Amino acid sequence: MDKLKKSNAWITLEHHAALVRRYHMRDMFEADPNRAEKYSLSAAGLYLDYSKNLVTQEVLDNLFELINERGVLDKAKAMFSGEKINVTENRAVLHTALRNFSKQPVMFDGKDVMPEIKQTLDKVKSFTESVHSGKHLGFTNKPITKVVSIGIGGSFLGPKIVTEALKPYKKDGVEVVFVANVDGCHIMDVLKSCDSEQTLFVMSSKSFSTQETLQNTLSAKAWFLNHGGTQEDIGKHFVAVSSNVDAAVKFGMKAENVFPMGDWVGGRYSLWSAIGLPISLALGFKNFESLLKGAYDMDKHFVEAPAEENMPIILAMLGIWYRNFMDAQSHALLPYYHYLRGFPAYVQQLDMESNGKSTTLNGRTVDYGTGPIIWGSEGTNGQHSFYQLIHQSNLTIPADFMFPLKVPYLKTTEQVKHHQMLASNCFGQTQALMQGKSFEDCYNDLAESGLSDEARRELAAHKTMPGNNPSNTILFDELSPAKLGALIALYEHKVFVQGAVWGLNSFDQWGVELGKELGNQVLDMIQGNMPLEKADASTQSLISKFSKSFK
Ligand code: F6P
């Protein structure tokens, strides 16, 4: 067993949890008029209000003590300095080096990785400029007008949500679309709207062995060759991003068309590497560089700020408070900004693939909760689907609200009204979640209802909202590339801190291997290369039904 639950801070927090359960946030705000100011801070262009949390100062103090007891800051230093902290894959974790603007070297295996990072960034820059300027032409000498980015997981989610979130910064002339799923419907729909003479395919796969990405690229190549392209033209219309350059060349990519990435970048932490090429093609290299600089600002804050004023540490420790002491199983992300609607899905992979584990670094099984279920969707839509549960179920669901103070459309009266309504919903919901509505208030509201007292009490019970639902609110002026970079880095470091406290390896993902392996076996059975009998009865019957559908 890991020693975490035997630590002084943990034991003290368990006592506090028993106490705090009896408190209500309404009373905390009444008791301390400065609560909102005391529990908010700014960093890297972001503002965090964490006052609507069911915590006392003593709870926070002990959460920060837990940081010390678990040596989190030393583990952070080890990560930034290139130590192989991903012990099961014997790899360093250096996504922060990709946005290191400090001009200081980052040593990995005795070598400074910054020159190669700079070289790749220059390659991304010059390729982006050659596509945008029309220097890079298709096989009929027409400019590229569409980029199809093929990849999945971290080779898809980062570029996709960043280009979506930064739509106001999009470069005219080049449209970037994404294909991820191996379901042929996805790529066939995309190819229907492509012109082979003016389409560039960017195949992104760190391992260059992901079945979905390989198959989608093969289909794209077949389509290209059936639509006027020849083998000689492949180099003008296909480039790849991978840490496995040899496999990419073997697959048919021209060596000069492969953008390399270090194997010290985890897939879900890789948008800052050449995996971000689609971002640069969509928004221009300058905006991609601003994204990196924003993340760097958050890195500096994370490394320099004391725990009590450290935004990633505060978010991480509040998450630990609910996960380990207040029985929360999940965490909701509620961006009140249409362009940020993809953010929950991005953090789902970032958080759940990093900390969805139950074995500690030294191979022991945990006896405490670890990674929460991450979910959510854009506001105000969620208010008309799942907010009922957050308000009136008996589940504790901490939620992070995000809101841009400015948006691209604020010129007309109507546009201003939209934004005022968005703000009022965002702030009104966090207030309702916190204060709820008491039975007495609901009962008094029914004074003129004409109901019998019994019926009035019954209805009042249905209308009662316990409140005490915790939330954080993150504000930013407008969602610029730099602010988005800082926001993503904020969550990367939050996940890191939680994994460090829980004693996990947040950087491997063995849990996805078995599904891949058995999936390949089922494919062999479907294609007649392996006897069905190797599978269990249920899988055999499913395969048979599938195969019959082809007869
Ligand atoms: O989901 C497993 C995983 O390895 C992710 O970690 C990764 O982002 C994704 O698959 C795609 O992997 P690759 O970039 O190697 O194709």
Side-chain angles (χ1 to χ4, degrees), residues 12-40 48-64 66 314-334 336 369 372-376 379-380 382-383 385-403 424-445 457 459-475 494 498:
T12 309
L13 285 164
E14 281 179 324
H15 292 313
H16 278 291
L19 273 176
V20 167
R21 283 176 200 287
R22 297 203 294 269
Y23 296 172
H24 200 291
M25 280 191 259
R26 278 195 304 261
D27 307 326
M28 293 177 170
F29 277 98
E30 249 158 65
D32 179 359
N34 296 325
R35 186 178 176 85
E37 195 193 327
K38 201 157 112 182
Y39 298 130
S40 59
L48 168 67
D49 172 354
Y50 61 102
S51 60
K52 294 188 178 103
N53 275 290
L54 194 54
V55 290
T56 60
Q57 190 54 50
E58 293 77 12
V59 167
L60 290 171
D61 293 345
N62 281 287
L63 287 168
F64 296 134
L66 200 52
I314 288 168
L315 283 187
M317 297 321 288
L318 288 167
I320 282 185
W321 172 243
Y322 295 116
R323 182 78 187 88
N324 296 117
F325 300 94
M326 305 301 272
D327 305 328
Q329 309 292 321
S330 79
H331 193 107
L333 296 177
L334 307 171
Y336 273 67
I373 296 162
I374 300 292
W375 61 287
T380 59
Q383 295 170 206
S385 72
F386 52 77
Y387 278 43
Q388 163 60 45
L389 182 140
I390 305 181
H391 280 292
Q392 283 194 321
S393 78
N394 54 9
L395 295 173
T396 299
I397 301 182
D400 293 351
F401 287 71
M402 287 146 229
F403 181 74
S424 62
N425 276 280
C426 181
F427 306 158
Q429 285 296 330
T430 62
Q431 188 186 18
L433 287 168
M434 181 274 287
Q435 66 185 38
K437 188 163 184 176
S438 68
F439 173 82
E440 290 68 31
D441 288 349
C442 297
Y443 179 77
N444 295 337
D445 284 355
R457 285 186 173 284
L459 184 55
H462 285 281
K463 292 180 167 227
T464 299
M465 300 224 250
N468 242 9
N469 296 298
S471 69
N472 296 307
T473 302
I474 298 172
L475 301 181
K494 170 197 172 183
Q498 292 188 331

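Bear in mind that the values here come from a model prediction, so they are computed numbers and not experimental data. Basis for what follows: all heavy atoms, side chains included, without hydrogens, waters or symmetry-related copies.
- One distance of note links CZ of Phe386 with CG of Leu334; it measures 5.0 Å at 0.5 Å rounding.
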(request) List the steps, then state whether side chain to side chain donor-acceptor pair (under 3.5 Å) holds for Gln57 with Asp61. (result) CA-CA 6 Å; Gln57 190 54 50; Asp61 293 345; 2.8 Å; yes
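- The minimum heavy-atom distance linking Gln498 with Leu315 is given by the pair NE2-O, 4.3 Å.
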(message) Lys437 vs Asp445, test: salt bridge (Lys or Arg N to Asp or Glu O under 4.0 Å). Steps then yes/no.
(response) CA-CA 11 Å; Lys437 188 163 184 176; Asp445 284 355; 2.5 Å; yes
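- When atom types are taken as modelled, the side chain of Ser438 and the backbone of Asp441 share a donor-acceptor pair closer than 3.5 angstrom.
- Panel note: side chain Gln392, backbone Thr464; a donor-acceptor pair is recorded below 3.5 Å.
- The structure places NE2 of His331 at 3.0 Å from CG of Asp400, a figure rounded to the nearest 0.5 Å.
- If you take CH2 on Trp321 and CE on Met326, they are separated by 5.5 Å, rounding to the nearest 0.5 Å.
- Contact of the Leu333 side chain with the Met402 side chain is registered, since non-hydrogen atoms from C-beta on lie closer than 4.5 Å.
- Using a 3.5 Å distance cut-off with no hydrogens or angles, the side chains of Gln429 and Asn425 do not pair a donor with an acceptor.
- Distance check, rounded to the nearest 0.5 Å: NE2 of His15 to CG of Asn62 gives 10.5 Å.
- In this structure a side-chain-to-backbone donor-acceptor pair under 3.5 Å is present from Asn324 to Gly369.
- The two residues Met434 and Arg26 make their nearest non-hydrogen contact at SD-N, 3.9 Å.
- Across all non-hydrogen atoms, the minimal contact from Pro398 to Ser330 is CD-O, 3.4 Å.
- To the nearest 0.5 Å, the span separating CG on Leu63 from CZ on Phe325 amounts to 7.0 Å.
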(request) Quick one: do Met317 and Ile320 satisfy side-chain contact (heavy atoms from CB on, under 4.5 Å)? Show the steps, please. (result) CA-CA 5 Å; Met317 297 321 288; Ile320 282 185; 4.2 Å; yes
(message) For Leu433 and Lys52: C-alpha separation, side-chain torsions, deciding distance, then whether side-chain contact (heavy atoms from CB on, under 4.5 Å) applies.
(response) CA-CA 9 Å; Leu433 287 168; Lys52 294 188 178 103; over 6 Å; no
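- Taking the six-membered ring for Trp and thresholds of 30 and 60 degrees, Phe439 and Tyr443 have nearly parallel ring planes, at less than 30 degrees apart.
- Few gaps surround CD on Glu58; more than 12 heavy atoms of other groups in view lie less than 6.0 Å from it.
- Using a 4.5 Å cut-off on side-chain heavy atoms (C-beta onward), Asp49 and Leu475 make no contact.
- Here the closest heavy-atom approach between residue Val59 and residue Leu13 is recorded as O-CD2, 3.6 Å.
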(request) Give the intermediate values and the outcome of side-chain contact (heavy atoms from CB on, under 4.5 Å) for residues Trp375 and Ile397. (result) CA-CA 10 Å; Trp375 61 287; Ile397 301 182; 3.6 Å; yes
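- Using bins of under 30°, 30° to 60° and over 60° for the plane-to-plane angle, the ring pair Tyr336/Phe401 lands in the parallel bin.
- Note that NZ of Lys494 is 12.5 Å distant from CD1 of Ile314, once rounded to the nearest 0.5 Å.
- In this model, no donor atom of one side chain and acceptor atom of the other lie less than 3.5 Å apart for His391 and Asn469.
- Considering all non-hydrogen atoms of both residues, Tyr50 and Asn53 come closest at O-ND2, 2.9 Å.
- A salt bridge links Asp327 with Arg21: the distance from a Lys NZ or Arg NE/NH1/NH2 to an Asp or Glu carboxylate oxygen falls below 4.0 Å.
- Considering all non-hydrogen atoms of both residues, Leu54 and Tyr23 come closest at CD1-O, 4.1 Å.
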